[in-house]
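Note sheet for the following structure.
First listed ligand is number 1; within each ligand, the first listed atom is number 1.
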Amino acid sequence: MNEYPAYLIDDRKIISLRGNKNPVDPKMPYGWLIEKERTRLGNIEETGIIFLTNRECAFHCLMCDLWKNTTDFTVSAGDIPHQIEWALEQMTSVKHLKLYNSGSFFDIRAIPVEDYALIASLLKNFETVIVESHPKLINEKCLKFRDMLQPELQISMGLETVHPDILSKLNKQMSVKDFGDAVSFLSKNEIASRAFILLKPPGLNESEGILWAEKSIDFAFNSGVECCTVIPVRAGNGAMDFLMSKGEFNPPEIHSLEIVLEYGIELRLGRVFADIWDLGLFSKCERCLDKRTSRLIEMNLTQQIVPEVECECTKHQAPCTKQL
Ligand code: SF4
Ligand SMILES: [Zn+2]
């Protein structure tokens, strides 16, 4: 690993490198979709995702671009339930729901606590509700919300990487112990947790990126998470583009994402998914992009290893992480 970073990337610098936010309406989610996901029981079922509009996350992680669709102020009580109600009218026959709020559901400046009861009542017909949170915001409030909910509550948290130097430089203001403590708290209270894991954050080369994503999956499962999602790191938020221009960051290859997904699935410790959003960013080969995307989707859904895609582009590039 190179000495990284050669530049000071602190909170102020990260914010100064940003572009403009997108216009958003506090009474409307900024997006919604329905995706297929393999459930814990092994069924492939539709899961709705509502991208809630709310106040920007208080943390300013180096790789995060979620601030783009946020407000600068706390939305009014009633706005979040209104957004959910509107989005649910667009979705039919969905049993599972992800409420993603570009930050932490349990950040009281993002989701007003007085809205919890109304939100819970809107969700009563679901089987599972998944929210996201920074590990440091996992506390009694999660239990309060869980107790109001009829569906099972699951909580996704960014572990990002267990590489201690890289994690501290992501400006997440969290240690791996904080993550482990949050998972333990949730497990003790019978709330399933899910981990987001980064593939190739800045400061790692391709092989190191694979190795540390695999180590991070190991740590997440050993801590007690039920599911891991591997996210290839991209540019586009200002800070990452800056690092790319200085040669400190290059996006990972789609082939590396396949390797890490295979590794995670073969552990058989829980579900492991690859984030398949905009995979064209991670491929320089038009001949195999569609095939690799299909392979990743199939492995996500079946949790089985699908035969590799044969293509010239990977003939001379076989990163063997086990030898590092
Ligand atoms: S905690 Fe999550 S939402 Fe907040 S800045 Fe970091 S990655 Fe983005
Ligand atoms: Zn190819």
Side-chain angles (χ1 to χ4, degrees), residues 9-15 17-18 21 30 49 51-72 98-111 130-138 155-161 166-176 178-179 182 193-199 201-202 216 229-240 252-259 275 277 279-296 307-318:
I9 306 280
D10 59 7
D11 229 56
R12 233 162 80 196
K13 179 84 177 168
I14 290 168
I15 293 170
L17 290 164
R18 288 175 172 182
K21 289 185 175 183
Y30 72 88
I49 309 180
F51 298 99
L52 297 168
T53 301
N54 67 178
R55 187 190 176 122
E56 181 185 323
C57 179
F59 299 91
H60 302 117
C61 299
L62 179 67
M63 68 297 176
C64 183
D65 61 3
L66 295 171
W67 51 267
K68 288 182 179 177
N69 295 300
T70 59
T71 58
D72 295 333
K98 293 177 179 171
L99 291 178
Y100 283 171
N101 70 311
S102 306
S104 299
F105 189 88
F106 301 106
D107 174 354
I108 54 172
R109 293 173 313 166
I111 310 282
I130 300 147
V131 300
E132 57 186 355
S133 181
H134 189 290
K136 281 196 172 167
L137 296 177
I138 295 297
I155 301 181
S156 299
M157 297 179 289
L159 167 59
E160 321 301 2
T161 179
I166 302 287
L167 180 58
S168 69
K169 284 164 183 158
L170 291 178
N171 197 36
K172 186 142 184 137
Q173 296 164 53
M174 175 196 95
S175 64
V176 289
D178 293 327
F179 182 90
S193 43
R194 304 163 63 124
F196 292 126
I197 284 163
L198 298 178
L199 172 60
S216 303
T229 300
V230 183
I231 302 178
V233 178
R234 68 194 71 215
N237 70 347
M240 297 301 296
E253 299 286 333
I254 191 171
H255 185 228
S256 303
L257 183 59
E258 294 175 82
I259 292 171
D275 179 36
W277 176 252
L279 287 177
L281 293 175
F282 310 104
S283 169
K284 295 182 194 81
C285 180
E286 281 180 18
R287 282 167 305 189
C288 61
L289 172 60
D290 289 348
K291 285 186 202 154
R292 290 188 191 284
T293 302
S294 303
R295 179 171 190 250
L296 286 165
E308 279 190 42
V309 173
E310 300 284 335
C311 188
E312 283 297 311
C313 66
T314 44
K315 279 227 166 108
H316 308 291
Q317 168 210 6

Original post:
Between F51 and Y30, how do the two ring planes meet: parallel, tilted or perpendicular, split at 30° and 60°?
Top reply: tilted
Subject >> Donor-acceptor under 3.5 Å (N237 side chain, C64 main chain) >> reply: yes
Subject >> Identity and distance of the protein heavy atom lying nearest atom 8 (Fe) of ligand 1 >> reply: C64 SG, 2.3 Å
**OP:** Check I166, V233, I197 against T161 for a side chain to side chain contact (heavy atoms under 4.5 Å, CB included) and give me the one that passes.
**Re:** I166
Original post:
Is any N, O or S atom of H60 under 2.8 Å away from atom 8 (Fe) of ligand 1?
Top reply: no
**OP:** Can you sort out which atoms of ligand 1 are near L66, meaning under 4.0 Å from one of its heavy atoms?
**Re:** 3 (S)
**OP:** Return yes when at least one N/O/S atom of H134 is nearer than 2.8 Å to atom 6 (Fe) of ligand 1, and no when none is.
**Re:** no
Original post:
In terms of residue, atom name and distance, what is the protein heavy atom nearest to atom 5 (S) of ligand 1?
Top reply: F59 O, 3.1 Å
Original post:
Is the backbone of I254 close enough, under 3.5 Å, to the side chain of S283 for a donor and an acceptor to pair up by distance?
Top reply: no
Subject >> Side chain T71, main chain R55, donor-acceptor under 3.5 Å >> reply: yes
Subject >> Selection from S156, G158, P135, C61 by shortest heavy-atom distance to atom 6 (Fe) of ligand 1 >> reply: C61
Original post:
With a cut-off of 4.0 Å, which atoms of ligand 1 are near a heavy atom of K172?
Top reply: 1 (S), 2 (Fe)
Original post:
Any idea which atoms of ligand 1 are less than 4.0 Å away from a heavy-atom of G103?
Top reply: 3 (S)
Subject >> Heavy-atom donor-acceptor pair, E132 side chain to F105 backbone, under 3.5 Å >> reply: no
Original post:
Hey, is S102 one of the residues with a heavy atom under 4.0 angstrom from ligand 1?
Top reply: yes
Subject >> Distance-only side-chain donor-acceptor flag, S175 / D178, under 3.5 Å >> reply: yes
